[in-house]
Each structure stands twice: as C-alpha cells, then as structure tokens.
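Have a look at the structure below before the remarks.
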Amino acid sequence: MRSVMSKAIFWFRNDLRIADNPGLFQAYKQHSEVFCVYILDKPLANITRTAQSWWLHQSLTTLKKTININMFVGDAEEVLLELCRKHDITAVYWNRCYEPLHIARDTHIKQQLHKINVQAKSANGSLLNEPWEVLNKQGEFFKVFTPYWKQCLQQIVCPAPFIINDYSKFAKLPSLCLEELNLLPTWQQQFTNYWQPGEAGAEQKLQDFLAYKLEHYKEGRNYPASNFTSNLSPHLHFGELSPWHIFRTVREFQINYPAQEANTMHFLSELGWREFSYYLLYHFPKLTSANFKAQFDNFPWHDNDEAFTRWKRGKTGFPIIDAGMRELWVTGTMHNRVRMIVASFLVKDLFIDWRRGAQWFDETLLDADMASNYASWQWVAGSGADAAPYFRIFNPILQGEKFDSQGDYVKKWVPEVAHLPNKFIHKPWEAPTKPLNYYEPMVNHDIARKKALSYYQALRMS
DNA sequence: TGAAATGTTGGGGCG
DNA sequence: ACGCCCCAACATTTC
C-alpha cells in the first residue's frame, strides 16, 4: 500500500500538534498527499458548552495557521468513509484515544475502513506506556501507583522525536470553517487572560517551568499562592505537546542539574499519575460511574442540590474552598492542592457523591480529562485504586493555614475576607467583627468529620 | 498527598 | 534539695 502517489487522511483528535506526532509523521512519510481532518463527532461531542470548547476553538485556530485542517461536523464514521470514497484515500491515520467509548468507536471505524480496502493505522501519541503493556508478575494490572510507576520507568522506551518540516503535502478539501463547529465559549471570556492554547503556548509553558519553577517544584507545588506548578495539563489534554517531549526535556534537565533529582523525579511522577489514571480507566472502564472499591456502593450520599450549588458557586463560607471554586470558574483551572481540599469537602463534609463533583469539573476545567479527573475523584473519595483512606479528612481551616498562611491565595479570590487579620482569614466567623458580605460556614467541620467517620464505619460493617 | 486523640517526656515553678 | 504539678513539645495510635 506504500505507493508513491497515494493519498491519506490524518485524523486529528486530542493530539493537536505537529511536533512529535507519530500518527501525523507516519502519514507524512508514506504518502504524497495528506488530508488533515478534525471532526466534531456528534455521537461523542460532549465537549460543547464546556470550558474546553473554548480551548478547542483556540487550539484549532492556532493549528490551522500552520497547516491545512479540514473541519467537519457529524458522525466520525460516516464522515471518514465518505471522504475515503470520494477522494481515493488509501489509508487513515490517527493517534489512539483511551476512553471506553472512543476505543469502541475507533475499533468499529477500523473494521469499516478495512471493508472498503482502506488501511487504518493507529499510533501511540499520548502515553509513555500503553496500558496493556504494563503488568505485574502475576500478569495482572497494577492497582498501586508506586510499583506501577517503578515498572513504567524501567520499561519506557523513549522514541526519537518525530519532526516534520515541510507542510506542502497537507492539502485542502471542501470542508467547514471553524466557526461552523460552533465551539463558542459558554460563559467566561476571561480565559484568554490566563492561557495561550496551541503548540507555541505549550512549549512556552514548558520552558518557563524548566527555567523558573522546577527547582522549587517538590515543596513549592503545595502552595497555591505561589506559582511553581507547570500548568501544562490543558496543553497535555489536547495533545499540544507530547508526554515524551516533556519526559525527554526533563530528563535532560536532570542530567545537566544532578542536584535537582528530587524535584525532577517528583515532577515526572506527576506525569506518572496521569499515566496511571489512563491505565486504570483502560483496565476498569467503568471508572467514571462505578466505585473501584465496591464497598462504597452502599455509601449514603446526600442528594442536596442547594449544598451542591453553594459548593459550585464558591459560597460555602470556608475561604479556601470558595477561593478554589471561584478560581476554577474564572480561570478554568484550580491549583492541585486546592482541588484536593474542595473535593474532600464535597465528599466528606457535604456527603455529595463524587460523581457529581467530577461532572462539575468536567464542565469547568480546561484540563478536564476523563481518566485523570475520575481517577482523582475516586482517589479523594477513598473509593479508588490506591486511594487516600477514607478517614483521611482534610480540615479546610488547617489546610488553609498550612498552605496559604498569609492568606494571599484566599484574598485574591475572596475579597470579602481580605481585610481580616491573618489569624482569622481562614475562619472569618471567629473574627471580632465578621465580614458583612461573606457567607456563614455552611457546615461545622468537626461535626461533619465525625459524621463522615461514622458513615465509613457503617460501610466497613456492612 | 490528614488530623484528632492519646501517650510520653522533661524542664521549670513552687511549696 | 526534693517531690509534685503543669504543660509544652514531641511521638504514637487511631480513625
């Protein structure tokens, strides 16, 4: 099928980059003409009306400036089959997705393409290790992170970067313009103040991280008012840079600065948690709906819409919680430490089902990633693989005092408490004069904690 | 990647 | 000088 004059399709999905893109590179190497397509796949298009639809629009806009991308809306299978028939395509290339519905769709499309004598070639463009290639000595999948990641580090084979420097093969087709995908931002226009979607923005973030942040990473990453996290996650989600590129770059940094080993290894292990999440989703496809630990099936979740709304809107009366939820709404992200605190609060102070929290994050996070999001919620809830034990309950006041001792983070997002002395900034209800325009704490944390522990005790008995 | 409850130790005030 | 108490500081256990 390697004819000199053959035409191929490269199907862009969550790999919106040119550099180090194995599927795109193979199509480019083996064919004389390549049609890049992006399909807003109607049966799976759960991205519209979320924060990510804004990012997708921006990212595609940027990518289109470099190479021709042909836009389509519809059923991916129908779109691809029709294009193949119309334009005498010999092969379709893509990089693999790992969400259960995507796997099913792609497998099916592969079969349909074969039926009309079109090759379908998938590559790994998103993960350092394929989920099915990392198994323990019993031949089962790992359920604990540390041995999993140790094994990964041993078996990672880092390919040389795939480089394309001639874009003339990427041809145009009759197709929609980007605006016709209707990827309109649904609420905030402020994302643009915080983010630069696209490959260049991603590379910039990576370089900034190496230059200014990595040397403080292990400790600094815990403090939401400081700026020592990479903020690469939305770029990674959309595949604007490859995990190998990060891996190679960070490894090289480590060779140049051996004293930075603790920081570099810690950062790489965060990449490892991303891998582990995909891995868990692959081996436990019900991750988004079912407790990994089945005993949580009997947890008496509270179906409290009013409490849920207060949490979503940042009106709980706990400054660190409200700061996080407001940061999320405005910027499309939330500092990782604060994500753990707000998630713990939803599950263990309000007793609201972790699935509802995860769904809200799906809608509002620019980096929302089915695997990482749901694996992390189950981790916090205690129902997940290698999860935090349920009795590890975050105290929102103490966490605030520990990790935002000067209240800098809280003041930025909760101006109602900004005038209070530090002593009261994480518990304004104890201040001699309470702020007038702020909320009463919606629960008593000490009581909620005891209740959580009793629920948990009951689970263990049942 | 927790925090409360409980246990232990040792210095200092004081009769 | 001694025993007693208090309690801060740290360690361990428990959820």
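Quick caveat: nothing in here was measured; it's all calculated off a predicted structure. Lettering of chains follows the sequences in order, A, B, ..., and the numbering in each one begins at 1.
- Between His335(A) atom NE2 and dT1(B) atom C1' there is a gap of 12 Å when expressed in whole angstrom units.
- A salt bridge does not link Glu363(A) to Arg49(A): none of the charged nitrogens lies less than 4.0 Å from a carboxylate oxygen.
- For the pair Phe391(A) CZ and dA3(B) P, the computed distance is 13 Å after rounding to whole Å.
- Atom P of nucleotide dT13(C) and atom CG of Leu453(A) are separated by 19 Å, given to the nearest angstrom.
- If you check every strand for non-hydrogen atoms under 4.0 Å, Lys402(A) touches sugar and phosphate atoms only.
- Nucleotide dT14(C) holds its P atom 18 Å from the CD1 atom of Ile393(A), rounded to whole Å.
- In this structure, NZ of Lys450(A) is placed 12 Å from C1' of dC15(C), rounded to the nearest angstrom.
- Using a 4.0 Å cut-off between a side-chain N of Lys or Arg and a carboxylate O of Asp or Glu, Arg13(A) and Asp15(A) do not qualify as a salt bridge.
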Passes salt bridge (charged side-chain N to carboxylate O under 4.0 Å, His left out), Arg274(A) versus Asp367(A)? Steps please. CA-CA 12 Å; Arg274(A) 173 179 178 274; Asp367(A) 66 21; over 6 Å; no

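- The side chain of Asn395(A) places an N or O atom within less than 4.0 Å of a non-bridging phosphate oxygen (OP1 or OP2) of dA4(B).
- At dG2(B), none of the side-chain N or O atoms of Lys348(A) fall inside 4.0 Å of OP1 or OP2 (strictly under the cut-off).
- As a whole-Å value, the separation of Arg449(A) CZ from dA4(B) C1' is 5 Å.
- Between Lys412(A) and Glu327(A) there is no salt bridge, since none of the side-chain N atoms of the basic residue sits less than 4.0 Å from a carboxylate O of the acidic one.
- The CD atom of Gln399(A) sits 8 Å away from the P atom of dG2(B) (whole-angstrom rounding).
- Asp446(A) places its CG atom 7 Å from the P atom of dA4(B), with the value rounded to the nearest Å.
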